[in-house]
Amino acid sequence: MAGLSLKGIGKIYSGGVIGAKDINLEIEDKEFIILVGPSGCGKSTTLRMIAGLEEISEGELYIGDKLVNDVAPKDRDIAMVFQNYALYPHMTVFENMAFGLKLRKVPKDVIKQKVHEAAKILDIEHLLDRKPKALSGGQRQRVALGRAIVREPKVFLMDEPLSNLDAKLRVQMRAEIGKLHKRLGTTVIYVTHDQTEAMTMGTRIAVMKDGYLQQCATPTELYDEPVNVFVAGFIGSPQMNFINVTLENKEDGVHLKGESFDVLLPEGKASKADLSAYYGKEVIMGIRPENIYEDEAHISSMPNSLAQVDVDLTEMMGAETYLYLKLDGNAVIARVNRRTTAQADDKITVALDANKVHLFDKETELAILH
């Protein structure tokens, strides 16, 4: 197996269009790393550079200790799983899974053994004689995974492999791929635009935007300590709320002042960073939906962080309810107990958990305080 080292790699297309730029990433052996970001952020371009399907314009790519910038895809010892499965329609499942091994002149008895082993792992042994058109989407995806597994590559590359499946099957296949990774102990690099997929599957997540890597960290670190407004807003569903506030230093401590509300930062929170450069200035306050409360217990225990809001809409989500609110003209979402009595057009008081707010510089959008 092998780790990977991306040293400032980038892809510049003709006309100076940036596909990806200055990507620095150390991927450990056996790690499951996710590249995530909106469409056009450069995640698939980065994956294709690793695969050798896209020429690297700058930087160096190492698989293990070997520089592979100019190594042909077939010699990189990687296997790629695409979102459209890329199965040969005229071949059976067995033939599809065996195809790569046949090209490598692997003996027939070894091919048979490897295909059956992989089919058993993926629970598709009973499908080996069928053609792809007789399979469901989930079964085709398992065949595509099986074709990659039989090659026993150093690195698995997966490009949105679950995006064509329905929601229930996607959840099931997420768990299957996670189990598969543990069982095979290979390095997996997985591309998705779905941040829920990213948060539940990866040991680390690399968040990309406009061709640049924004932050690479564990799911918990990304959620609790995003480096900038983009990462904070991209990771988490519903996304973090952002409100412009003025930072004021008063006798009783540091206040976040909006048009109609005033939140006092707890002393322990305010001392986590030197905020003096921002006193009297506007900053961006970020607060996650689950840290906004409308129940009596929280309102009475947080007298220094209350705000009056208008309820635009309530959405019952089963175990919880989403409240769509207006605070100082900003659209804000709160994730509250399903038993809430709040209704559209109500005016209610909410408590903002001051221990959980994030602050960002208004100019650079970089994090100041978590």
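As the structure is a prediction and not an experimental result, all values here were calculated from the model.
- Side-chain atoms of Asp361 and Tyr278 include a donor-acceptor pair closer than 3.5 Å.
- Atom-to-atom distance recorded for Gln214:CD and Phe234:CZ is 11.0 Å, nearest 0.5 angstrom.
- Between Lys66 and Asp75, none of the side-chain N atoms (NZ, or NE/NH1/NH2) sits under 4.0 Å from a carboxylate O, so this pair counts as no salt bridge.
- In this structure a side-chain-to-backbone donor-acceptor pair under 3.5 Å is missing from His255 to Leu265.
- At least one side-chain heavy atom of Ile189 sits under 4.5 Å from a side-chain heavy atom of Val155.
- Side chains of Tyr324 and Glu315: a donor-acceptor N/O pair is present below 3.5 angstrom, by distance only.
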*Given the rule in the side-chain contact (heavy atoms from CB on, under 4.5 Å) test, do Ile33 and Cys216 qualify, once you have shown the distances and angles that lead to the verdict?*
CA-CA 9 Å; Ile33 195 158; Cys216 184; 3.9 Å; yes
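- Between the side chain of Asp310 and the backbone N or O of Lys347, no donor-acceptor pair lies under 3.5 Å.
- Below 30°, between 30° and 60°, or above 60°: for Tyr190 and Phe32 the angle between ring planes is between 30° and 60°, a tilted geometry.
- Lys11 has its side chain within reach of Glu55: a pair of non-hydrogen atoms, C-beta onward, lies under 4.5 Å apart.
- Between the CD1 atom of Ile23 and the CE atom of Met49 there is a distance of 6.5 Å, given to the nearest 0.5 Å.
- For the residue pair Arg338/Thr321, the side-chain donor-acceptor check at 3.5 Å is not satisfied.
- When the shell of 6.0 Å around CG of Asp345 is examined, it contains 12 or fewer heavy atoms from other residues, nucleotides or ligands.
- Heavy-atom neighbours of Lys281 NZ from other residues, nucleotides or ligands within 6.0 Å: at or below the threshold of 12.
- Atoms NE2 and OG1, from His181 and Thr186 in turn, are 5.5 Å apart once rounded to the nearest 0.5 Å.
- The backbone N or O of Glu197 sits less than 3.5 Å from a side-chain atom of Asp194, completing a donor-acceptor pair.
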_Worked verdict on Thr314 versus Gln343 for side-chain hydrogen bond (donor to acceptor under 3.5 Å, both in side chains)_ = CA-CA 6 Å; Thr314 66; Gln343 295 294 326; 4.7 Å; no
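- A donor-acceptor pair under 3.5 Å links the side-chain atoms of Thr187 to the main chain of Lys30, judged by distance alone.
- Between Lys21 and Glu58, at least one side-chain nitrogen of the basic residue sits less than 4.0 Å from a carboxylate oxygen of the acidic one, meeting the salt-bridge criterion.
- The pair Arg335-Glu320 meets the salt-bridge criterion, since a charged nitrogen lies less than 4.0 angstrom from a carboxylate oxygen.
- Other residues, nucleotides and ligands contribute over 12 non-hydrogen atoms within 6.0 Å of the NZ atom of Lys269.
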*asked:* If you apply the rule side-chain contact (heavy atoms from CB on, under 4.5 Å), what do you find for Leu25 with Lys7, and how did you get there?
replied: CA-CA 7 Å; Leu25 205 51; Lys7 297 184 184 294; over 6 Å; no
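- Listed for the Ser271 side chain is a donor-acceptor partner under 3.5 Å among the backbone atoms of Gly268.
- Under the 6.0 Å distance and 45° angle rule, Arg130 does not count as a cation-pi partner of Phe94.
- Counted by atom type alone, Glu282 and Thr246 present zero donor-acceptor pairs between their side chains at under 3.5 Å.
- Pairing each heavy atom of Ala118 with each of Met97, the nearest pair is CB-CE, 3.8 Å.
- For Lys257, the NZ atom sits in a packed shell: over 12 heavy atoms of surrounding residues, nucleotides or ligands are nearer than 6.0 Å.
- Side-chain atoms of Leu87 and Arg140, non-hydrogen and from C-beta on, do get closer than 4.5 Å to each other.
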*asked:* Between Asp262 and Glu248, does the side-chain contact (heavy atoms from CB on, under 4.5 Å) criterion hold? Intermediate values first, please.
replied: CA-CA 10 Å; Asp262 187 338; Glu248 293 187 354; 5.5 Å; no
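- Nearest approach of Arg76 to Leu61, heavy atoms of both residues: NH1-CD2, 3.7 Å.
- Of all the heavy atoms in Val254 and Tyr279, the pair that sits closest is CG2-OH, 3.8 Å.
- Interatomic distance, NZ of Lys154 versus CD1 of Ile63, reported as 7.5 Å (0.5 Å rounding).
- The number of heavy-atom neighbours closer than 6.0 Å to CG of Asp252, taken from other residues, nucleotides and ligands shown, is above 12.
- Distance alone, capped at 3.5 Å, places no donor-acceptor pair between the Asn330 side chain and the Val332 backbone.
- Atom CG of Asp159 sits about 9.5 Å away from atom CG of Leu53, to the nearest 0.5 Å.
- Each of Lys114, Arg104, Arg147 was evaluated against Glu152; a single residue qualifies, Lys114, per the salt bridge (charged side-chain N to carboxylate O under 4.0 Å, His left out) test.
- In terms of heavy atoms, His298 sits closest to Ala351 at O-CB, 4.1 Å.
- The distance from atom CZ of Arg151 to atom CG of Leu101, rounded to the nearest 0.5 Å, is 8.0 Å.
- Formation of a donor-acceptor pair under 3.5 Å by the Glu365 side chain with backbone atoms of Ile284 is not found in this model.
- Ionic pairing of Glu125 and Lys120 is not present here: no N-O contact between side-chain nitrogen and carboxylate oxygen is shorter than 4.0 angstrom.
- In this structure, a donor-acceptor pair under 3.5 Å is absent between the side chains of Glu176 and Gln172.
- Phe156 is not listed as a side-chain neighbour of Met80, based on a closest heavy-atom distance of 4.5 Å or more.
- With Glu221 contributing its side chain and Thr218 its backbone, the two residues share a donor-acceptor pair below 3.5 Å.
- Checked by atom type, the side-chain pair Thr192/Glu160 shows no donor-acceptor distance below 3.5 Å.
- Classified by interplanar angle (parallel below 30°, tilted 30° to 60°, perpendicular above 60°), the ring pair His358/Phe360 is parallel.
- If you check the side chains of Gln308 and Ser260, you find no donor sitting under 3.5 Å from an acceptor.
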*asked:* Under the criterion side-chain hydrogen bond (donor to acceptor under 3.5 Å, both in side chains), I'd like the reasoning laid out for Glu26 against Ser5: C-alpha separation, chi angles, the key distance, then a yes or no.
replied: CA-CA 5 Å; Glu26 295 295 325; Ser5 186; 2.7 Å; yes
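- Judged by distance alone, the side chain of Asp346 and the main-chain N or O of Ile348 form no donor-acceptor pair under 3.5 Å.
- The pair Glu54-Arg48 counts as a salt bridge, with a side-chain nitrogen and a carboxylate oxygen less than 4.0 angstrom apart.
- Panel note: side chain Lys43, backbone Pro38; a donor-acceptor pair is recorded below 3.5 Å.
- Taking Ile, Leu, Val, Met, Phe, Trp and Tyr as hydrophobic and joining them when side-chain heavy atoms fall under 4.5 Å apart, one finds Tyr62 in a cluster with Leu67.
- For the pair Leu162 and Arg174, the minimum side-chain heavy-atom distance is below 4.5 Å.
- Under the 4.5 Å side-chain criterion, counting only non-hydrogen atoms from C-beta, Met91 is in contact with Phe99.
- Asn244 places none of its side-chain heavy atoms less than 4.5 Å from the side chain of Val283.
- Pairing each heavy atom of Asn241 with each of Arg288, the nearest pair is ND2-C, 4.1 Å.
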*Could you walk me through whether Leu352 and Phe261 pass side-chain contact (heavy atoms from CB on, under 4.5 Å), step by step?*
CA-CA 10 Å; Leu352 311 174; Phe261 68 93; 4.2 Å; yes
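- The minimum heavy-atom distance linking Leu157 with Ala51 is given by the pair CD1-CB, 3.5 Å.
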